[in-house]
Amino acid sequence: MAPKSLFKSLLISAAFTSTLGQTGLAPKAYLSLPLGAIRATGWLQDQLIVQTNGLAGHEHEFYNYVSQTDWMGGSSYYSSLEEAGSYWFNAMVPNGILANNTAIIQRTQQFLDYVLQHQDSTGWLGPEVNTTKPRYLWGRYPFMFGAIQMVEYNPALTDEVVTALHKFVSLANTMLHNGQGVEAWTQTRWEDFVMTLQWLYDFHPNNNQALLLDTMEQLKYTGVPWELVFESQYFPTTATENLRNPLGYVLSWHGVNMAEGLKALPATYRFTHNQTDLDRASQGWDLLFQYHGRPSGIYAADEYLAGLEAARGTELCLVVVSVTAIVLFKLPYILKLNEKGNYVFVVIGDPKYVDRVERIAYNALPATLTGDFWSRQYLQQQNQIAAKNMSPNPFPNDGPYSNVFGLEPNYP
Ligand SMILES: *[C@@H]1O[C@H](CO)[C@@H](O)[C@H](O)[C@H]1NC(C)=O
Ligand SMILES: *[C@@H]1O[C@H](CO)[C@@H](O)[C@H](O)[C@H]1NC(C)=O
Ligand SMILES: *[C@@H]1O[C@H](CO)[C@@H](O)[C@H](O)[C@H]1NC(C)=O
């Protein structure tokens, strides 16, 4: 529970955001609470502590994708998987703060400092500083989410982070206009950058509204057109390995990307003002569950959409990203004063999304992790009683060890 005064200031800032929205970007329909405004209790707090004591809270101590020698030691702090450190950061910022874990808080602060101090003179952030590696935008997006959360929790960081982000946006805008920075994966994940641009627009526009809006539009028009991917005439109603993607974007049928795509349409609605975007997002959720759904609340995609056959798999990444997408865009809540004078959250979204998110949180997620959160599967299957080398391998695009628990079965 947060102090009442905090909620009062949040409600005031919501009204302020609406006024800003009149100038170009539609106001956010609902305000998100800043990191630290509420803290978990009960079961959720217990899970957070298990996670902190498990792999997530310790991998920076030894795992080369996110360990000190790798991202502090040279220009290549994200290692060969350039998004790995960025994803770690986005997750561990809230984990450290909500679990009040000093080691993790210090670690994420070091990560932020390192990235900002190594921003190059053009504005670029990330491992391609001073290398000849091609620059792709996507690996930076989760880093920006983590940085935003740090600012929300600690406003003293605002100037440093906001200045670096604006500098990066200016470079990214030029790159997008020149046809640079976008490869097949970036084309599917553009919405994450749009959300960061909207945060800047809402809270720290620094007279850059036109550039921010133009960058949002550039990202949308160089990216996968999710409003078409989720149109029923193009949507795959069976496992996809033998289908031709009619829109030509092969990675748009990748399960994790589809969960990302479901964040895209509500985010773009703020500048397209097109109701079809919202309708297609809702329709997309229904199509996914109708043709690829699972009783555990998730849908099947062992890389690409996998139909209803129970032996087919679902990636842990998909479980996590789809929960985020539902919570962010389908479960708006309001704060209400109850009869005892306390603020309580009331979810006002469609109950079918409450059901989905509960099924995922209580079934699909715990099923694919060991109880101590030290080990995980790459793919889960419904009613599969054996985690083992699968022969024959039921997964067309993943290895036969994908359902085995470990540090990095099939993929880091
Ligand atoms: C976090 O832990 C520190 C001590 O390590 C303590 O002083 C502080 O009150 C704690 N904060 C919260 C919000 O629990
Ligand atoms: C990039 O290389 C130049 C020349 O060696 C150096 O001066 C600069 O500090 C480097 N920039 C970063 C961010 O490492
Ligand atoms: C809204 O989006 C749909 C789907 O892309 C498109 O067909 C329609 O023309 C758009 N409407 C407007 C007013 O732009």
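As the structure is a prediction and not an experimental result, all values here were calculated from the model. Numbering of ligands and ligand atoms starts at 1, following listing order. The residues of the chain are indexed from 1 along the displayed sequence.
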Exercise for the section: Could you verify whether a donor N or O on one side chain and an acceptor N or O on the other, from Thr52 and Asn101, lie under 3.5 Å apart? Expected result: no
Gln198 and Asp202: side chain donor to acceptor below 3.5 Å: no
Nearest heavy atom to atom 3 (C) of ligand 3, choosing from Asp277, Leu228, Asn274, belongs to Asn274
The atoms of ligand 1 lying under 4.0 Å from a heavy atom of Asn100, numbered in the order shown, are 1 (C), 2 (O), 3 (C), 8 (C), 10 (C), 11 (N), 12 (C), 14 (O)
Aromatic ring centroids of Phe168 and Trp124 under 6.0 Å? yes
So CZ of Arg359 and OH of Tyr362: to nearest 0.5 Å the spacing works out to 13.0 Å
Answer yes if the side chains of Asn173 and Asp214 hold a donor-acceptor pair under 3.5 Å, and no otherwise. yes
Considering only protein heavy atoms, determine whether one is less than 4.0 Å from atom 11 (N) of ligand 1. yes
Atoms of ligand 3 under 4.0 Å from any heavy atom of Glu227, numbered from 1 in the order shown, are 5 (O)
Check: Does the protein put a heavy atom under 4.0 Å from atom 7 (O) of ligand 3?
Finding: no
Atom 5 (O) of ligand 1: closest protein heavy atom, distance to 0.1 Å, is Thr102 OG1, 4.3 Å
